[in-house]
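Please read the structure below before turning to the comments.
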Protein chains: 2
Amino acid sequence: MSETSTATPESLTQTLTGSGLRATPQRELVFNILFEKRDHPTADEVFTRAKAEMPTISLATVYNCLETLVQCRVVRAVNFERGPTRYCPNQRPHAHFHDEQTGSTHDIDLPPGLLDHVKTILPTGYEANSVEIIFRGKTQS
Amino acid sequence: MSETSTATPESLTQTLTGSGLRATPQRELVFNILFEKRDHPTADEVFTRAKAEMPTISLATVYNCLETLVQCRVVRAVNFERGPTRYCPNQRPHAHFHDEQTGSTHDIDLPPGLLDHVKTILPTGYEANSVEIIFRGKTQS
DNA sequence: CTTGCTCATTAGAATCATTCTTATTTGATA
DNA sequence: TATCAAATAAGAATGATTCTAATGAGCAAG
Ligand SMILES: [Mn+2]
Ligand SMILES: [Mn+2]
Ligand SMILES: [Zn+2]
Ligand SMILES: [Zn+2]
């Protein structure tokens with residue numbers, strides 16, 4: 001229930017209604033898709049997976065749901081290169097590792113204090129409210 | 001002349017010819033525009049500034065030149081949000097600070113060793129060849 | 001219950017950054 | 001100077017996203 005914990009399908013309804021929004025089947029489905037397989041899919045990939053469950057859902061709705069979930073802060077939009085935005089349901093402070101061989105993206109948990117340490121490099125007058133860290137490279141195996 | 005120094009308009013010709021590419025007026029102009037005002041402009045903004053100097057230059061050529069300069073590693077392409085790619089001639093290791101009030105982007109020099117320190121958070125099996133750090137917030141002034 | 005509203009979804013059009021295609025120009029080299 | 005690959009230019013095409021307009025669903029009086 002802390003600010004940085006990851007939402008669950010169960011807590012989603014509360015988050016939405018608490019924000020004055022409706023917990024629709026489409027919003028729940030889109031969130032469940034992100035929650036089940038944390039592979040940072042694009043909107044289009046979410047759409048493909050969603051259609052398997054709900055054949056009538058539209059791409060526009062997937063975009064709308066993703067935007068709503070981002071506004072509610074239960075999902076993060078990730079952009080580390082030109083190309084489609086990717087979506088991540090992990091709300092813990094974490095970095096992203098982009099495997100250049102496979103194109104896949106992995107979450108890297110951050111040790112407590114790291115973000116604060118990194119913020120100390122900012123000159124006086126710069127006030128950061130978020131820090132994003134992106135690694136690029138390859139993974140063994 | 002070290003690997004991480006920033007290219008100058010003077011060194012550009014060498015870099016290009018050393019890569020088997022021609023030092024064309026368009027490439028030099030595009031680089032000079034980035035070098036003179038380090039405000040991380042988009043391709044379109046570079047195009048506007050370039051036309052003032054060289055009215056016949058085309059947007060396609062600006063894109064081509066920028067891509068060439070990125071390939072030669074004298075310019076960095078920066079993407080920290082959906083939206084047009086921005087270009088940066090600073091080749092020193094640095095982070096980006098995105099001022100959410102003004103939309104402007106500032107370079108933040110990194111103390112030596114910071115990137116290596118950040119890399120120590122990677123689990124075994126992850127080999128990063130680059131680390132990108134993006135701050136978002138506001139600046140005093 | 002029904003009506004009335006507001007929110008949400010849908011389909012398709014529009015937008016915008018970027019890439020591609022094709023023709024033309026340039027410039028180094030033989 | 002002729003050759004010919006590299007580079008530029010103009011416009012078309014692409015692809016992700018956003019917008020528009022119409023339809024549908026759920027709640028809140030009446
Ligand atoms: Mn997408
Ligand atoms: Mn651009
Ligand atoms: Zn993530
Ligand atoms: Zn920069």
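Since the model is a prediction, treat every value here as computed from it, not as a measurement. Letters A, B, ... are given to chains in the order of the sequence lines, protein chains preceding strands, and every chain is numbered from 1.
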To the nearest Å, how far apart are [X] [atom1] and [N] [atom2]?
X: B/Ile57; N: D/dA7; atom1: CD1; atom2: C1'; result: 12 Å
X: B/Asn79; N: C/dA17; atom1: CG; atom2: P; result: 13 Å
X: B/Leu66; N: C/dA17; atom1: CG; atom2: P; result: 14 Å
X: A/Leu59; N: D/dC19; atom1: CG; atom2: P; result: 15 Å
X: B/Tyr63; N: C/dA17; atom1: OH; atom2: P; result: 7 Å
X: B/Leu21; N: C/dA28; atom1: CG; atom2: P; result: 13 Å
X: B/Met54; N: D/dA7; atom1: CE; atom2: P; result: 15 Å
X: A/Phe47; N: C/dG12; atom1: CZ; atom2: P; result: 11 Å

Next item on the list: Please tell me which of the listed nucleotides, D/dC19, C/dA17, D/dA9, lies nearest to the side chain of B/Thr56?
Entry: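 Per side-chain heavy atoms of B/Thr56, the pick is D/dA9.
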
Next item on the list: Would you indicate, yes or no, if C/dT18 has its OP1 or OP2 atom less than 4.0 angstrom from a side-chain nitrogen or oxygen of B/Thr85?
Entry: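 B/Thr85 to C/dT18 OP1/OP2: side-chain N or O found under 4.0 Å.
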
Note to self: Would you say B/Thr61 places a side-chain N or O within less than 4.0 Å of OP1 or OP2 belonging to D/dT8?
What the structure shows: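 It does not, given that no N or O in the side chain of B/Thr61 lies less than 4.0 Å from OP1 or OP2 of D/dT8.
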
Identify all side-chain donor-acceptor contacts of residues 111-130 of chain A below 3.5 Å with residues at least two apart in sequence or on another chain.
| residue | atom | partner | partner atom | Å |
| --- | --- | --- | --- | --- |
| A/Thr120 | OG1 | A/His117 | O | 2.5 |
| A/Glu127 | OE1 | B/Lys138 | NZ | 3.0 |
| A/Asn129 | ND2 | B/Glu100 | OE1 | 3.4 |

Notebook entry, point to check: Can you tell me if CZ on A/Arg73 sees more than 12 non-hydrogen neighbours from other groups inside 6.0 Å?
Noted result: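 No, because the 6.0 Å sphere around CZ of A/Arg73 holds 12 heavy atoms or fewer from other groups.
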
Margin query: Need to verify one output field. Residue with the more 5' nearest nucleotide on DNA chain D, B/Gly20 or B/Arg82?
Written below: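 Result of the comparison: B/Gly20.
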
Notebook entry, point to check: Taking B/Thr61 for the side chain and B/Ile57 for the main chain, is one N or O donor matched with an acceptor at less than 3.5 Å?
Noted result: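 Side chain of B/Thr61 to backbone of B/Ile57: no pair is present.
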
Check: Going by number, which of residues 22-30 of chain B have a non-hydrogen atom under 4.0 Å from DNA chain D?
Finding: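 Only B/Arg22, B/Thr24, B/Gln26, B/Arg27 qualify.
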
